[in-house]
Amino acid sequence: MREIPLLRHVRLMHRGTCLSEAWNCYFPTRLPPQIQRRLSDPTLPFGRALGPTAFRRQRLTSLPFPEARVPDTLATDCVLQHQALLFPRAGSEAKERPFACVLERYTQATLQYFRAAFQCGADFRQSLFQAESAGGT
């Protein structure tokens with residue numbers, strides 16, 4: 001049986017500003033049903049939906065500014081781009097094959113957002129999870 005991948009596009013927004021964009025190409029049949037259900041929420045970031053699966057990430061590329069700039073996206077001020085494969089955590093019953101490929105682009109606003117969070121003494125993780133999320137599949 002041939003597996004059919006799905007494509008998901010999500011923008012992480014904070015107060016109307018795009019912090020990052022991500023494209024996630026994944027095989028839903030390689031994920032537990034509860035994770036598949038969580039991924040049906042277009043506002044939930046891919047990594048947060050996968051959190052309980054304990055995946056491991058294999059970085060393929062990281063491109064800093066200016067190579068990361070792409071004018072055909074919302075994140076036109078892109079300063080960093082990552083590509084990675086996601087695998088089940090070692091020791092899981094799943095076969096050692098990727099279940100997703102991700103492309104992430106981070107904007108200048110991301111740097112400003114975290115700089116402000118650190119200067120205010122805000123807890124890094126708390127600040128990250130309070131960011132608004134919006135997007136679609």
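Each residue takes its place number in the sequence, starting with 1.
- Of all heavy-atom pairs spanning Leu19 and His14, the tightest one is CD1-CB, 3.7 Å.
- Hydrophobic clustering keeps Tyr26 apart from Leu85 (ILVMFWY residues linked when any side-chain heavy atoms are closer than 4.5 Å, directly or through intermediates).
- Interatomic distance, Leu39 CG to Asn24 CG, rounded to the nearest 0.5 Å: 8.0 Å.
- Heavy atoms only, all atoms of each residue included: Ala49 and Leu44 are closest at CB-CD2, 3.6 Å.
- Considering all non-hydrogen atoms of both residues, Thr110 and Ser20 come closest at OG1-N, 4.3 Å.
- Thr17 meets the side chain to side chain donor-acceptor pair (under 3.5 Å) test with no other residue; sequence neighbours excluded.
- Here Ser62 pairs with Arg59, His82 under the side chain to side chain contact (heavy atoms under 4.5 Å, CB included) rule; sequence neighbours left out.
- Take Gln83 and apply the side chain to side chain donor-acceptor pair (under 3.5 Å) test, not counting sequence neighbours, and it matches Thr61.
- Using a 4.0 Å cut-off between a side-chain N of Lys or Arg and a carboxylate O of Asp or Glu, Arg105 and Glu21 do not qualify as a salt bridge.
- Applying the side chain to side chain contact (heavy atoms under 4.5 Å, CB included) criterion to Gln108, with sequence neighbours excluded, gives Asp77, Val79, Leu111, Gln112.
- For Phe87, there are no ring pair (Phe, Tyr, Trp, His ring centres under 6.0 Å) partners, not counting sequence neighbours.
- Of all heavy-atom pairs between Val10 and Pro42, the closest is CG2-O, 4.1 Å.
- The hydrophobic clustering, which links ILVMFWY residues whose side-chain heavy atoms are closer than 4.5 Å, places Phe55 and Leu60 apart.
- Applying the salt bridge (Lys or Arg N to Asp or Glu O under 4.0 Å) criterion to Arg37, with sequence neighbours excluded, gives no partner residue.
- Grouped by direct or indirect side-chain proximity (heavy atoms under 4.5 Å, Ile/Leu/Val/Met/Phe/Trp/Tyr only), Phe27 sits alone.
- Closest of all the heavy-atom pairs between Cys25 and Pro5 is SG-CB, 3.8 Å.
- Scanning both residues, Arg38 and Arg48, for their nearest heavy atoms gives NH2-O, 3.3 Å.
- Taken to the nearest 0.5 Å, the CG atom of Leu7 stands 9.5 Å off from the CH2 atom of Trp23.
- At least one donor-acceptor pair under 3.5 Å links the side chain of Gln36 to the backbone N or O of Leu31.
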